[in-house]
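In what follows, a single structure is set out as C-alpha coordinates and then discussed.
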Amino acid sequence: MIDLYYYTSPNARKALIALEELGLDYRVVWTDISAGDQFTDAYREVNPNSKVPAIVDHDGPGGEPVRVFESGAVLLYLAQKTGRLMPAAPRLRWEATSWLVWQVANHGPMAGQAAHFHSHAPRHGIVDEYATRRYVGEVERLYEVLDERLREREYLADELSMADVATYPWVRVAAGHGVDVARFPAVGAWVERLSARPAFRKRLDDPREDKARRNEYTREQFTTLFRATPPGDTPTTPQEAAR
(Lines give C-alpha, C1' and ligand atoms only; values in the text may rest on other atoms or scores of the structure.)
Protein backbone atom coordinates (compact mmCIF):
# COMPACT_ATOMS: atom_id res chain seq x y z
CA MET A 1 0.00 0.00 0.00
CA ILE A 2 1.17 3.49 -0.87
CA ASP A 3 0.13 6.57 1.10
CA LEU A 4 -0.27 9.59 -1.20
CA TYR A 5 -0.08 12.91 0.62
CA TYR A 6 -2.34 14.97 -1.56
CA TYR A 7 -3.99 18.31 -2.12
CA THR A 8 -5.61 19.38 -5.38
CA SER A 9 -2.71 20.89 -7.32
CA PRO A 10 -0.96 20.09 -10.60
CA ASN A 11 2.07 18.62 -8.86
CA ALA A 12 0.01 16.36 -6.63
CA ARG A 13 -2.11 15.26 -9.58
CA LYS A 14 1.04 13.94 -11.27
CA ALA A 15 1.33 11.31 -8.55
CA LEU A 16 -2.40 10.55 -8.59
CA ILE A 17 -2.36 10.00 -12.36
CA ALA A 18 0.71 7.77 -12.15
CA LEU A 19 -0.77 5.61 -9.41
CA GLU A 20 -4.00 5.23 -11.37
CA GLU A 21 -2.25 4.52 -14.67
CA LEU A 22 -0.07 1.88 -13.00
CA GLY A 23 -2.97 0.31 -11.10
CA LEU A 24 -1.16 0.45 -7.76
CA ASP A 25 -2.95 0.20 -4.42
CA TYR A 26 -2.89 3.54 -2.65
CA ARG A 27 -4.77 5.63 -0.16
CA VAL A 28 -5.05 9.41 -0.17
CA VAL A 29 -3.88 11.28 2.91
CA TRP A 30 -5.49 14.68 2.48
CA THR A 31 -2.96 17.40 3.26
CA ASP A 32 -4.61 20.81 3.34
CA ILE A 33 -1.83 23.19 2.35
CA SER A 34 -4.16 26.18 2.74
CA ALA A 35 -4.54 25.28 6.44
CA GLY A 36 -0.85 24.64 7.03
CA ASP A 37 -0.94 20.82 7.26
CA GLN A 38 2.34 20.75 5.36
CA PHE A 39 4.16 22.52 8.18
CA THR A 40 3.29 20.06 10.93
CA ASP A 41 6.09 18.02 12.49
CA ALA A 42 4.38 14.81 11.39
CA TYR A 43 4.27 15.86 7.75
CA ARG A 44 7.82 17.19 7.77
CA GLU A 45 8.90 13.66 8.67
CA VAL A 46 7.50 12.69 5.28
CA ASN A 47 8.64 15.76 3.35
CA PRO A 48 11.09 18.11 5.07
CA ASN A 49 10.41 20.69 2.36
CA SER A 50 6.74 21.01 3.38
CA LYS A 51 5.25 20.56 -0.10
CA VAL A 52 2.87 18.11 -1.77
CA PRO A 53 2.95 15.52 -3.13
CA ALA A 54 4.89 12.95 -1.17
CA ILE A 55 4.40 9.23 -0.83
CA VAL A 56 5.20 6.54 1.67
CA ASP A 57 5.44 3.11 0.09
CA HIS A 58 4.90 0.57 2.87
CA ASP A 59 6.22 -2.14 0.57
CA GLY A 60 9.38 -0.42 -0.57
CA PRO A 61 12.74 -1.95 -1.51
CA GLY A 62 13.38 -5.06 0.55
CA GLY A 63 9.82 -4.89 1.89
CA GLU A 64 10.69 -1.87 4.03
CA PRO A 65 8.75 1.42 4.06
CA VAL A 66 10.28 4.23 2.02
CA ARG A 67 9.33 7.89 1.72
CA VAL A 68 9.71 9.79 -1.53
CA PHE A 69 9.10 13.52 -1.95
CA GLU A 70 9.25 15.96 -4.89
CA SER A 71 6.91 15.13 -7.76
CA GLY A 72 9.64 14.16 -10.23
CA ALA A 73 11.23 11.80 -7.73
CA VAL A 74 7.84 10.23 -6.99
CA LEU A 75 7.24 9.55 -10.70
CA LEU A 76 10.69 8.05 -11.20
CA TYR A 77 10.28 5.89 -8.10
CA LEU A 78 6.95 4.52 -9.31
CA ALA A 79 8.37 3.86 -12.77
CA GLN A 80 11.29 1.93 -11.30
CA LYS A 81 9.03 0.03 -8.89
CA THR A 82 6.79 -1.21 -11.70
CA GLY A 83 9.10 -1.21 -14.70
CA ARG A 84 6.53 0.88 -16.56
CA LEU A 85 6.00 4.39 -17.94
CA MET A 86 9.66 4.91 -18.78
CA PRO A 87 10.97 3.57 -22.10
CA ALA A 88 13.17 0.49 -21.99
CA ALA A 89 15.42 1.65 -24.83
CA PRO A 90 18.24 3.77 -23.35
CA ARG A 91 17.99 6.56 -25.94
CA LEU A 92 14.25 7.02 -25.40
CA ARG A 93 14.59 6.56 -21.64
CA TRP A 94 16.99 9.48 -21.47
CA GLU A 95 14.70 11.48 -23.76
CA ALA A 96 11.84 10.88 -21.35
CA THR A 97 14.07 11.72 -18.39
CA SER A 98 15.14 14.97 -20.05
CA TRP A 99 11.55 16.06 -20.65
CA LEU A 100 10.55 15.07 -17.13
CA VAL A 101 13.34 17.20 -15.70
CA TRP A 102 12.42 20.00 -18.14
CA GLN A 103 8.94 19.99 -16.67
CA VAL A 104 9.92 20.03 -13.00
CA ALA A 105 12.76 22.54 -13.50
CA ASN A 106 11.20 24.90 -16.04
CA HIS A 107 7.60 24.46 -17.10
CA GLY A 108 6.12 23.81 -13.65
CA PRO A 109 7.93 26.55 -11.70
CA MET A 110 7.35 29.19 -14.38
CA ALA A 111 3.70 28.22 -14.77
CA GLY A 112 3.29 28.37 -11.01
CA GLN A 113 4.73 31.88 -10.81
CA ALA A 114 2.65 32.97 -13.81
CA ALA A 115 -0.48 31.60 -12.14
CA HIS A 116 0.35 33.44 -8.93
CA PHE A 117 0.63 36.85 -10.56
CA HIS A 118 -2.02 36.29 -13.25
CA SER A 119 -4.72 34.63 -11.13
CA HIS A 120 -4.10 34.35 -7.39
CA ALA A 121 -2.52 37.66 -6.40
CA PRO A 122 -5.00 39.99 -8.18
CA ARG A 123 -7.86 38.48 -6.15
CA HIS A 124 -6.17 39.91 -3.07
CA GLY A 125 -5.30 43.33 -4.44
CA ILE A 126 -1.80 42.50 -5.67
CA VAL A 127 -1.13 43.65 -9.23
CA ASP A 128 2.44 43.55 -10.48
CA GLU A 129 2.60 44.17 -14.21
CA TYR A 130 6.32 43.49 -14.50
CA ALA A 131 6.13 40.14 -12.70
CA THR A 132 3.06 39.13 -14.70
CA ARG A 133 4.74 39.93 -18.03
CA ARG A 134 7.95 38.23 -16.92
CA TYR A 135 6.40 34.92 -15.91
CA VAL A 136 3.58 34.72 -18.46
CA GLY A 137 6.05 35.58 -21.21
CA GLU A 138 8.47 32.87 -20.12
CA VAL A 139 5.78 30.21 -19.76
CA GLU A 140 4.50 31.07 -23.24
CA ARG A 141 8.02 30.43 -24.54
CA LEU A 142 7.97 27.05 -22.81
CA TYR A 143 4.66 26.22 -24.50
CA GLU A 144 6.32 26.99 -27.82
CA VAL A 145 9.05 24.49 -26.92
CA LEU A 146 6.42 21.91 -25.98
CA ASP A 147 4.38 22.51 -29.11
CA GLU A 148 7.42 22.11 -31.34
CA ARG A 149 8.29 18.83 -29.64
CA LEU A 150 4.79 17.42 -30.12
CA ARG A 151 4.23 18.43 -33.75
CA GLU A 152 5.44 15.11 -35.16
CA ARG A 153 4.94 12.72 -32.26
CA GLU A 154 2.11 11.57 -30.02
CA TYR A 155 4.06 11.68 -26.76
CA LEU A 156 7.11 13.52 -25.48
CA ALA A 157 9.38 10.48 -25.76
CA ASP A 158 7.44 8.78 -28.59
CA GLU A 159 5.64 6.46 -26.15
CA LEU A 160 3.58 7.33 -23.09
CA SER A 161 5.94 8.05 -20.22
CA MET A 162 6.31 9.84 -16.91
CA ALA A 163 7.31 12.92 -18.92
CA ASP A 164 3.72 13.14 -20.18
CA VAL A 165 2.34 12.40 -16.71
CA ALA A 166 4.43 15.25 -15.28
CA THR A 167 3.47 17.81 -17.90
CA TYR A 168 -0.23 17.14 -18.43
CA PRO A 169 -1.65 18.43 -15.10
CA TRP A 170 -0.03 21.83 -15.59
CA VAL A 171 -1.16 22.15 -19.21
CA ARG A 172 -4.73 21.35 -18.18
CA VAL A 173 -4.78 24.55 -16.11
CA ALA A 174 -2.99 26.71 -18.69
CA ALA A 175 -5.71 29.37 -18.64
CA GLY A 176 -4.94 29.96 -14.98
CA HIS A 177 -1.38 30.96 -15.80
CA GLY A 178 -2.39 33.18 -18.69
CA VAL A 179 -1.87 30.83 -21.64
CA ASP A 180 -4.39 30.00 -24.37
CA VAL A 181 -3.63 26.43 -25.42
CA ALA A 182 -5.52 27.04 -28.68
CA ARG A 183 -2.42 28.92 -29.82
CA PHE A 184 -0.48 25.66 -29.59
CA PRO A 185 -2.37 23.07 -31.69
CA ALA A 186 0.08 20.20 -31.18
CA VAL A 187 -0.20 20.67 -27.42
CA GLY A 188 -3.99 20.74 -27.70
CA ALA A 189 -4.05 17.47 -29.64
CA TRP A 190 -1.74 15.87 -27.06
CA VAL A 191 -4.07 16.97 -24.25
CA GLU A 192 -7.01 15.35 -26.04
CA ARG A 193 -5.10 12.07 -26.42
CA LEU A 194 -4.20 11.96 -22.76
CA SER A 195 -7.65 13.09 -21.60
CA ALA A 196 -9.10 9.99 -23.25
CA ARG A 197 -7.25 7.82 -20.71
CA PRO A 198 -9.24 7.20 -17.48
CA ALA A 199 -6.21 7.74 -15.22
CA PHE A 200 -5.75 11.27 -16.55
CA ARG A 201 -9.41 12.10 -15.85
CA LYS A 202 -9.35 10.76 -12.30
CA ARG A 203 -11.10 12.87 -9.70
CA LEU A 204 -11.42 12.08 -6.02
CA ASP A 205 -14.91 11.51 -4.68
CA ASP A 206 -14.27 14.07 -1.99
CA PRO A 207 -15.94 17.49 -1.62
CA ARG A 208 -12.61 18.90 -0.41
CA GLU A 209 -11.18 18.39 -3.88
CA ASP A 210 -13.92 20.42 -5.54
CA LYS A 211 -13.44 23.21 -3.02
CA ALA A 212 -9.66 23.22 -3.44
CA ARG A 213 -9.93 23.26 -7.24
CA ARG A 214 -11.71 26.64 -7.10
CA ASN A 215 -8.56 28.23 -5.63
CA GLU A 216 -10.62 30.53 -3.42
CA TYR A 217 -8.62 31.48 -0.35
CA THR A 218 -9.30 33.71 2.61
CA ARG A 219 -6.58 36.21 3.43
CA GLU A 220 -5.39 33.92 6.20
CA GLN A 221 -5.22 30.97 3.83
CA PHE A 222 -3.44 33.10 1.22
CA THR A 223 -0.79 34.01 3.78
CA THR A 224 -0.37 30.39 4.85
CA LEU A 225 -0.16 29.10 1.29
CA PHE A 226 2.04 31.76 -0.29
CA ARG A 227 3.97 32.91 2.79
CA ALA A 228 3.08 36.54 2.08
CA THR A 229 0.59 38.91 3.68
CA PRO A 230 -1.87 40.55 1.24
CA PRO A 231 -2.10 44.37 1.22
CA GLY A 232 -4.29 45.81 3.93
CA ASP A 233 -3.45 43.07 6.43
CA THR A 234 -1.47 43.85 9.54
CA PRO A 235 1.18 41.23 10.33
CA THR A 236 0.43 39.54 13.62
CA THR A 237 3.83 37.98 14.32
CA PRO A 238 7.44 39.10 13.86
CA GLN A 239 7.84 36.30 11.32
CA GLU A 240 4.95 37.65 9.23
CA ALA A 241 6.30 41.19 9.54
CA ALA A 242 9.64 40.03 8.11
CA ARG A 243 8.13 38.46 4.98
Side-chain angles (χ1 to χ4, degrees), residues 5-16 30-40 43-44 47 49-54 69-72 102-146 166-184 187 191 203 207-243:
Y5 292 82
Y6 179 89
Y7 183 83
T8 302
S9 72
N11 283 336
R13 284 197 59 77
K14 296 174 188 178
L16 181 66
W30 187 263
T31 307
D32 189 344
I33 58 176
S34 71
D37 290 357
Q38 71 275 33
F39 299 117
T40 64
Y43 185 68
R44 290 181 67 244
N47 184 352
N49 194 41
S50 298
K51 301 286 185 180
V52 292
F69 60 93
E70 295 297 327
S71 63
W102 171 85
Q103 199 287 318
V104 299
N106 293 277
H107 179 254
M110 290 298 103
Q113 293 296 334
H116 181 79
F117 288 103
H118 176 77
S119 299
H120 299 302
R123 297 177 185 176
H124 290 269
I126 304 167
V127 177
D128 188 321
E129 293 183 0
Y130 171 80
T132 303
R133 288 196 305 271
R134 161 76 178 97
Y135 290 115
V136 173
E138 175 60 8
V139 83
E140 285 179 339
R141 183 192 71 81
L142 292 165
Y143 274 87
E144 291 171 0
V145 172
L146 185 62
T167 308
Y168 173 87
W170 281 100
V171 174
R172 287 289 292 167
V173 294
H177 46 257
V179 173
D180 181 3
V181 172
R183 293 178 48 209
F184 307 99
V187 173
V191 168
R203 291 290 185 271
R208 293 175 298 186
E209 180 166 64
D210 291 333
K211 181 177 183 297
R213 194 181 299 119
R214 292 195 296 270
N215 293 319
E216 297 173 353
Y217 306 116
T218 66
R219 288 185 174 235
E220 181 180 0
Q221 289 172 328
F222 184 96
T223 300
T224 298
L225 186 58
F226 298 116
R227 312 298 285 168
T229 304
D233 284 357
T234 302
T236 58
T237 69
Q239 290 78 12
E240 289 180 339
R243 290 173 191 156

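Keep in mind the model is a prediction, meaning the values are calculated, not measured.
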Shortest non-hydrogen separation from P122 to H118 and the atoms involved: CG-O, 3.6 Å
Parallel, tilted or perpendicular, as decided by the 30° and 60° cut-offs, for the rings of W170 and H107: perpendicular
Nearest-0.5 Å distance that lies between atom OG1 in T167 and atom CG in L142: 10.5 Å
Counting only N and O atoms by type, is there a donor-acceptor contact under 3.5 Å from the side chain of N49 to the main-chain atoms of K51? no
Quick one: does D37's side chain get under 4.5 Å of Y5's, heavy atoms only? no
Contacts of P169 that satisfy side-chain contact (heavy atoms from CB on, under 4.5 Å) - sequence neighbours left out: P10, R13, K14, I17
Checking side-chain contact (heavy atoms from CB on, under 4.5 Å) for the pair V145/N106: CA distance, chi angles, key distance, verdict? CA-CA 11 Å; V145 172; N106 293 277; over 6 Å; no
Indicate the atoms forming the closest heavy-atom contact of Y168 with V191, along with that distance. CE1-O, 3.9 Å
Just by modelled atom types, is the N11 backbone N or O under 3.5 Å from a matching donor or acceptor in the S71 side chain? no
With sequence neighbours excluded, residues passing ring pair (Phe, Tyr, Trp, His ring centres under 6.0 Å) with F184: Y143
State plainly whether the residues E138 and R141 are in salt-bridge range, i.e. N to O under 4.0 Å. yes
Going by side chain to side chain donor-acceptor pair (under 3.5 Å), name the residues that satisfy it together with R183, two or more places apart in sequence or in a different chain. E140
So, for P53 and Y43, which heavy atoms are closest and what is the spacing to 0.1 Å? C-OH, 4.2 Å
Decide yes or no on side-chain contact (heavy atoms from CB on, under 4.5 Å) for Q38 and N47, but give the supporting numbers first. CA-CA 8 Å; Q38 71 275 33; N47 184 352; over 6 Å; no
Looking at every non-hydrogen atom in both residues, tell me the closest pair between H177 and V136 and how far apart they are. O-CG2, 3.8 Å
Spatial distance of atom OG1 (T8) from atom CH2 (W30) [nearest 0.5 Å]: 3.5 Å
Determine the minimum heavy-atom distance between D32 and S34, stating which atoms define it. OD1-OG, 2.6 Å
